[in-house]
Amino acid sequence: MRKKNKWLKHGILLIVVLIGSGMILLSSYVLQYDKQLMAYQNSLTQLPEVSEVLEISEYYGKDSYYVAKVLLTTDKEYYYFIKDNTVEYSYPVEELITGEQAAQKSLSILGQGEIKHYYLGIYEEKPIYEVLISLGNEEYYFIIDAKTSDVLLQYSLK
């Protein structure tokens, strides 16, 4: 009887240790990611034309970019697309459609579905929104031109 209890205790202890280790690894990853974004945010505020960084995120498409919405000292809002610590592209916010508009455009093509995400990024040197919509067992990706709201690409995954 004592052997059974000993193995049960060791098994439960092993499971608790594995879950705890997983949680520690996950939290360190999340904190590291936030630390990277904060570093980019701080470096952007050092630019002479930038008054404030309003939003910042990372886009993983064909290329990876940091996308920052900044308020300039001229009180204009711009999107900065940053690759390799260099602002590769910048666009005034008012020249681009919103993410919600891109998502609604994609949804109107399908007629129904659940919007999973939309991200602002760059594709073939154009500002785009990547939109993911789930419908049943399929997921539909749309690449929407952020200036014209034209559909550049559309494909589904089963």
Side-chain angles (χ1 to χ4, degrees), residues 19-158:
I19 290 173
S21 298
M23 294 300 289
I24 290 170
L25 286 173
L26 179 64
S27 62
S28 70
Y29 170 76
V30 168
L31 292 174
Q32 185 66 22
Y33 180 73
D34 285 345
K35 190 176 179 181
Q36 282 179 311
L37 288 179
M38 292 301 292
Y40 268 95
Q41 184 173 347
N42 289 337
S43 66
L44 283 172
T45 56
Q46 302 303 313
L47 295 174
E49 74 272 12
V50 175
S51 171
E52 181 181 354
V53 178
L54 304 172
E55 298 172 16
I56 189 164
S57 62
E58 194 167 3
Y59 174 76
Y60 297 103
K62 190 175 176 183
D63 292 317
S64 291
Y65 283 90
Y66 285 96
V67 181
K69 184 178 183 182
V70 297
L71 178 65
L72 302 180
T73 55
T74 60
D75 287 332
K76 292 190 179 219
E77 292 182 0
Y78 268 72
Y79 283 113
Y80 279 5
F81 297 85
I82 306 151
K83 182 177 179 183
D84 298 328
N85 296 326
T86 305
V87 177
E88 294 280 328
Y89 304 97
S90 66
Y91 296 95
V93 169
E94 67 267 4
E95 286 184 10
L96 304 180
I97 64 172
T98 66
E100 292 84 11
Q101 290 170 320
Q104 288 304 317
K105 169 83 176 196
S106 303
L107 197 56
S108 70
I109 292 169
L110 289 178
Q112 59 182 340
E114 179 185 349
I115 300 165
K116 292 292 188 176
H117 72 244
Y118 49 86
Y119 299 118
L120 181 60
I122 293 288
Y123 176 75
E124 295 184 352
E125 299 184 358
K126 292 180 186 178
I128 56 97
Y129 279 99
E130 173 190 297
V131 181
L132 172 62
I133 297 178
S134 179
L135 179 60
N137 293 333
E138 291 188 69
E139 291 186 327
Y140 294 87
Y141 279 91
F142 293 86
I143 303 296
I144 307 291
D145 187 312
K147 281 187 159 188
T148 64
S149 74
D150 293 337
V151 178
L152 301 176
L153 285 172
Q154 172 185 347
Y155 56 94
S156 66
L157 300 173
K158 292 182 182 186

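Just the heavy atoms: all of them, side chains too, but no hydrogens, waters or symmetry mates, feed the values below.
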Under a 4.5 Å cut-off applied to non-hydrogen side-chain atoms, are [X] and [Y] in contact?
X	Y	result
Tyr123	Ile144	no
Pro127	Lys147	yes
Ile122	Ile128	no
Leu135	Gln112	yes
Glu100	Tyr118	yes
Glu125	Glu88	no
Val131	Tyr140	no
Tyr89	Tyr65	yes

Between Tyr155 and Tyr141, what is the ring plane arrangement, given parallel below 30°, perpendicular above 60°, and tilted in between? parallel
Report the residues that fulfil side-chain contact (heavy atoms from CB on, under 4.5 Å) with Ser64, sequence neighbours left out, ordered by chain and then residue number. Tyr60
For Ile109, enumerate each residue passing the side-chain contact (heavy atoms from CB on, under 4.5 Å) test, keeping only those at least two apart in sequence or located in another chain. Phe142, Val151, Gln154
Hey, does the side chain of Ser106 reach the backbone of Ala102 with a donor-acceptor pair shorter than 3.5 angstrom?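 Yes, because the side chain of Ser106 sits within donor-acceptor range (under 3.5 Å) of the backbone of Ala102.
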Short question: side chain of Gln101, backbone of Thr98 - any donor-acceptor pair under 3.5 Å?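 Side chain of Gln101 to backbone of Thr98: a pair is present.
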Starting at [atom1] of [X], measure out to [atom2] of [Y] and round the result to the nearest 0.5 Å.
X	Y	atom1	atom2	answer
Leu153	Asp145	CG	CG	11.0 Å
Ser134	Leu110	OG	CG	10.0 Å
Leu107	Ile115	CG	CD1	5.0 Å
Ser156	Ile133	OG	CD1	12.0 Å
Asp150	Lys126	CG	NZ	8.0 Å
Leu120	Ile97	CG	CD1	9.5 Å

Starting from the C-alpha separation in whole Å, work towards a yes-or-no answer on side-chain contact (heavy atoms from CB on, under 4.5 Å) for Leu132 and Glu139. CA-CA 7 Å; Leu132 172 62; Glu139 291 186 327; 3.7 Å; yes
Take Ile143 and Tyr129 through the test side-chain contact (heavy atoms from CB on, under 4.5 Å) and record every step on the way to the result. CA-CA 6 Å; Ile143 303 296; Tyr129 279 99; over 6 Å; no
Which residue pairs satisfy the side-chain hydrogen bond (donor to acceptor under 3.5 Å, both in side chains) criterion with at least one member in residues 69-79, sequence neighbours excluded? none
